[in-house]
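So the structure is just underneath, and the comments pick up after that.
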Amino acid sequence: MKDFKIYVGLGEDLMSEVLHGYLKNDTTPETFPIKEVNNAGICFPTRYVKIVPISAHGQSFHTSIWHVSLAGINDQAYVERVRQGYDEYRETIVLRHVLKHLRQRRLLAPYESILSRSGIQPEHPLVTKLYESLVLRGDWKQAEDTLSLMSKTSLFDSYLHGTQPYAVWKQLRGTNADGDVPSPRGGHAMCMDPINDMIYLLGGWDGEKSLDDFWVYSVKEDKWQVLSHSTSGEKNAPGARSCHKMVFDTKTGSIYVLGRLSDVDSASATGDPGTPMPQTSNGDSASTPSRTFCSEFYRYHTRGVDNGKWDFLSFDTASQGGPPLIFDHQMVLESETQILYVFGGRVVDGDWDTVKYSGLYSYNIRLSKWKSLQIAGPAVVSPSMIPSRSGMSYASSCLYLRYTERMRCTGHSMVLEPLTRTLYVFAGQRDEKYLCDMFAYDIATNTATELFSNISATGGPNSSFTQRAVIDPSLRELYVFCGLTRNQQPDGVVTTIASEAPNWLYSYDSTPGTWTQILPRPPHVMSPSPTDDSHPVDQPQPRYAHQVVYNPLTRNVFLHGGNVGVNDTAEHAGEKGHKEERMDDLWQMTLVRAGTEEVIRRATYQLRQQQFRELCEDATPMEALSFLQTDVSDVVDHNNGTETETFRSLLTHLLSPCTLSPSPSPMASAPSLHTNANSLDSKTVDEGGGGDVEMKDETENEDEYPPRKRSRSHSPEPERESDQDSWTDKLHEDDEPPTVPGTVNVQALLEAEDPREKELCVSSAAPAAAAGKPTKLTAARFKQRNEVFESLLEFVSESAKQPSENLLDIIRVDKFDG
């Protein structure tokens with residue numbers, strides 16, 4: 001068995017999926033954690049476990065499971081407490097669905113009775129107030145005022161946080177005092193001081209050589225400053241390099257630098273006689289088999305008495321229990337605990353024909369001590385481990401692309417979630433396989449959980465070169481900026497730059513989280529025509545080997561440099577004869593979402609649409625038209641095509657108010673068969689036996705009402721071939737659906753006024769009522785208002801409103817014997 005699912009529950013018919021896993025094709029035991037808490041955070045007990053095989057490791061394999069064991073809590077007292085809590089939770093959920101159903105059916109007295117006896121609160125009091133003012137009273141002014149109160153009470157925050165954002169880019173054109181900026185490059189390292197709003201940049205690859213200049217950019221002053229034109233000439237400072245990593249410690253103001261791929265590192269692989277060979281620690285040429293590649297470790301001070309100085313922390317981290325010399329790894333720093341984490345990357349040891357990867361390491365800054373957390377295991381490892389990988393930026397790929405084509409690699413990403421102490425690792429390359437998975441590593445338990453085996457299959461980005469990721473712990477969001485994408489072509493894998501590079505948002509507010517694409521422009525201008533210049537979008541060119549940093553205090557993303565390819569169109573990466581263009585531009589990106597004023601506008605638009613519909617029935621045409629042209633038009637986004645079209649269609653209600661009918665509702669009963677009353681009166685059916693139908697004006701009606709094909713199986717005489725399966729558009733008496741005794745007439749329930757309505761002073765707030773012409777709250781109007789109310793609940797957080805599902809949709813009544 002390879003692919004499988006596990007279901008658990010208290011009954012065989014009440015089971016839920018808790019795991020979708022994969023087994024290795026070997027005899028090594030594997031352990032999988034099983035969910036024991038639902039999405040509401042409620043722990044649930046389990047009596048039955050069902051394993052469902054999905055696929056085997058080969059087409060000729062039979063699915064087989066040799067041994068299964070289950071570990072968990074079997075203490076009866078503890079399990080009983082969990083069961084009681086779970087039963088109470090289920091009772092509450094059922095009652096909340098029942099309450100919603102009663103209110104949908106206008107049974108307000110039973111609704112109030114259950115509320116008073118159970119003591120549960122099905123929704124926020126302001127939501128109840130909105131229901132009473134909108135549905136029962138038709139008090140539009142109070143309904144709009146309630147929306148403002150709901151906004152001030154943060155009931156819309158969850159919706160606002162979940163709306164699809166769009167990016168607003170701004171190019172930062174500041175220079176230093178001499179008018180200079182860092183030269184064009186890719187594969188450089190950047191980190192950010194969020195408190196002082198400063199960005200630090202070191203090294204990189206300009207297409208010909210590795211760089212060793214060191215810069216800082218002040219966001220507040222929009223100014224670059226060169227800290228060192230060449231760190232190679234400074235004491236204890238790093239030399240020229242690319243594909244290294246740099247992190248900033250917000251607690252001490254220190255910058256840590258680890259890893260490299262320099263010109264001399266690749267010289268031994270390419271065999272370029274014009275490039276100097278790397279030197280060992282004792283100065284011997286690297287051409288000897290005893291060549292040693294050392295992993296240096298550096299620290300730079302931005303504060304205190306040592307401000308502007310470098311510390312040479314380690315000549316070789318591998319000799320101290322840390323990682324070997326690596327490049328295109330990932331590194332993060334947990335300032336609170338003063339621990340640094342390094343994962344993955346390609347090992348540099350001079351043997352370019354054998355691919356080696358690095359594992360997961362931690363570095364305790366206070367103790368100056370390295371620790372190996374997870375070794376660089378094979379491609380398939382224990383479920384509690386992250387498969388090792390590398391993320392070679394394209395700057396490094398160009399260095400030694402000449403000697404091995406298969407070393408083009410996608411970039412893996414890693415970010416730290418400090419609140420839960422979790423590392424998120426995703427994508428990258430393992431051998432010839434380009435990964436598109438995602439893991440969450442729990443620092444406290446040293447275990448990893450696979451969140452996605454294929455991110456792109458769940459709506460996320462495809463694997464790409466040098467993707468960059470940053471995180472905002474307060475918003476529980478991760479932002480991914482893609483570079484090159486890979487497409488499989490008949491002549492091999494083609495690496496291209498998309499015409500419009502997609503950027504992504506990953507929200508981990510729930511498990512396993514959701515992916516959303518960041519729009520490049522506001523939603524209502526997402527599809528401008530090629531010649532439409534009314535909405536110009538200023539944004540960076542699609543690129544790879546760029547760098548991205550993030551300031552969580554200002555919630556701004558900063559992007560610098562990278563490679564935009566040979567031309568504006570995609571080309572084979574590294575193809576000879578083409579000069580690739582590297583950038584020196586700096587961009588700032590801000591994510592924009594709908595604000596509370598936008599939610600109130602949309603909700604008010606829905607309210608006034610319903611108010612206009614009722615005015616068409618209760619007021620004069622001139623009054624209704626004036627309301628449409630002023631009050632309704634004021635809350636329409638006339639730049640939004642959908643809203644504008646809906647606004648124009650409202651005029652049809654004014655032209656034919658008597659034909660208004662409620663729009664389809666989730667609480668509506670099943671649709672009945674539609675027949676033409678006039679045509680039925682003019683038709684006769686021969687009950688004798690053949691089922692022949694005589695129709696009046698048959699030619700007129702056959703196109704408008706297509707007949708239904710039926711068979712008369714009860715005919716006393718054998719039917720001729722021409723009479724079999726004859727056509728008719730009228731139901732025979734014995735074809736009428738059977739009447740089920742004891743069923744409820746929903747329409748009668750909706751027509752009847754509930755006694756509770758009188759206590760709530762229910763009356764129509766339409767102008768007709770204000771003019772002394774009170775109108776009854778009909779079933780059709782009640783359903784219309786209730787639909788508007790439930791549509792407004794889209795903007796309200798889940799915990800503050802009634803369940804989204806309808807009781808009729810979750811109760812199974814269509815059961816069959818056998």
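Residues take their numbers from the sequence shown, with the count starting at 1.
The backbone N or O of Glu805 lies less than 3.5 Å from a partner atom in the side chain of Lys100, making a donor-acceptor pair. Under the 3.5 Å distance criterion, the side-chain polar atoms of Glu12 are left unmatched by any main-chain donor or acceptor of Tyr48. Counting only distance, with no hydrogens or angles, the side chain of Glu334 and the backbone of Glu336 share no donor-acceptor pair below 3.5 Å. Listed for the Asn551 side chain is a donor-acceptor partner under 3.5 Å among the backbone atoms of Pro194. Ser113 contributes no side-chain N or O that, together with a main-chain N or O of Pro110, makes up a donor-acceptor pair within less than 3.5 Å. In terms of modelled atom types and a separation under 3.5 Å, the side chain of Gln802 and the main chain of Pro122 share no donor-acceptor contact. With His161 contributing its side chain and Arg593 its backbone, the two residues share no donor-acceptor pair below 3.5 Å. When atom types are taken as modelled, the side chain of Arg468 and the backbone of Phe481 share no donor-acceptor pair closer than 3.5 angstrom. Judged purely by atom type and a 3.5 angstrom limit, Lys801 uses its side chain to pair as donor or acceptor with the backbone of Val796.
Contact check for Leu505 versus Leu591: side-chain heavy atoms found under the 4.5 Å cut-off. Taking the side chain as every heavy atom from C-beta outward, Tyr341 and Leu373 approach each other to under 4.5 Å. Phe44 places a side-chain heavy atom less than 4.5 Å from the side chain of Val18. Side-chain contact check for Phe426 versus Tyr506: every heavy-atom pair is 4.5 Å or farther apart. Contact annotation: the side chain of Tyr508 approaches that of Ile471 to within less than 4.5 Å [non-hydrogen atoms, C-beta and beyond]. Val425 has its side chain out of reach of Gln330: every pair of non-hydrogen atoms, C-beta onward, lies at least 4.5 Å apart. Two residues are said to be in side-chain contact when any heavy atoms from C-beta on lie closer than 4.5 Å; Thr449 and Asp442 fail this criterion. Taking the side chain as every heavy atom from C-beta outward, Val94 and Val98 approach each other to under 4.5 Å.
Val247 approaches Met331 most closely through the heavy-atom pair CG1-O, 3.2 Å. Across all their heavy atoms, Ile120 and Leu115 have their closest contact at O-CD2, 3.6 Å. In plain terms, the two heavy atoms of Met1 and Phe4 that are nearest each other are SD-CB, 3.6 Å. Listed here is the closest heavy atom pair of Leu416 and Leu423: CD1-CD2, 3.6 Å. The two residues Pro324 and Tyr361 come nearest to each other via the heavy atoms CD-OH, 4.1 Å. Shortest non-hydrogen contact noted between His412 and Asp328 is CE1-O, 3.4 Å.
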Step-by-step side-chain contact (heavy atoms from CB on, under 4.5 Å) determination, Tyr479 to Val548: CA-CA 10 Å; Tyr479 311 120; Val548 174; over 6 Å; no
side-chain contact (heavy atoms from CB on, under 4.5 Å) evaluation trace for Asn38 with Tyr89: CA-CA 11 Å; Asn38 61 19; Tyr89 166 76; 3.5 Å; yes
Stepwise side-chain contact (heavy atoms from CB on, under 4.5 Å) test for Tyr550 and Met192: CA-CA 7 Å; Tyr550 181 68; Met192 181 153 203; over 6 Å; no
Full working for side-chain contact (heavy atoms from CB on, under 4.5 Å) between Met438 and Trp515: CA-CA 12 Å; Met438 185 172 190; Trp515 289 91; 3.7 Å; yes
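For Asp75, the CG atom sits in a packed shell: over 12 heavy atoms of surrounding residues, nucleotides or ligands are nearer than 6.0 Å. Surrounding NZ of Lys251 are more than 12 heavy atoms belonging to other residues, nucleotides or ligands, all under 6.0 Å away. Enclosure of atom CD in Glu598 by more than 12 non-hydrogen atoms of other residues, nucleotides or ligands within 6.0 angstrom is indicated. Counting non-hydrogen atoms of other residues, nucleotides and ligands closer than 6.0 Å to NZ of Lys356 gives a total above 12.
Taken from CD in Glu417 to CD in Glu477, the straight-line distance is 12.0 Å, to the nearest 0.5 Å. The CD1 atom of Ile326 sits 12.5 Å away from atom CZ of Arg346, with the distance rounded to the nearest 0.5 Å. With rounding to the nearest 0.5 Å, the separation of SG in Cys43 from CZ in Arg83 is 13.5 Å. Put simply, NZ on Lys2 and OG1 on Thr63 are 12.0 Å apart, with the number rounded to the nearest 0.5 Å. Of the inter-residue distances, the one linking Glu80 atom CD with Asp87 atom CG reads 8.5 Å to the nearest 0.5 angstrom. Note that CD of Gln338 and CD1 of Ile365 are 4.5 Å apart. Values are rounded to the nearest 0.5 Å.
Checked against the 6.0 Å centroid criterion, the rings of Phe439 and Phe343 do not qualify as a close aromatic pair.
Checking each of His101, Glu123, Glu798, His97 against Pro803 for a side chain to side chain contact (heavy atoms under 4.5 Å, CB included) leaves exactly one that passes, namely His97. Exactly one of Leu808, Leu807, Asn786 qualifies for a side chain to side chain contact (heavy atoms under 4.5 Å, CB included) with Gln104. That residue is Asn786.
Counting only N and O atoms by type, the side chains of His20 and Asp3 include a donor and acceptor under 3.5 Å apart.
A salt bridge between Arg476 and Asp509 is present, with a side-chain N of the basic residue lying under 4.0 Å from a carboxylate O of the acidic one.
Geometrically, Arg602 does not engage Phe795 in a cation-pi contact defined by less than 6.0 Å to the ring centre and at most 45° from the axis.
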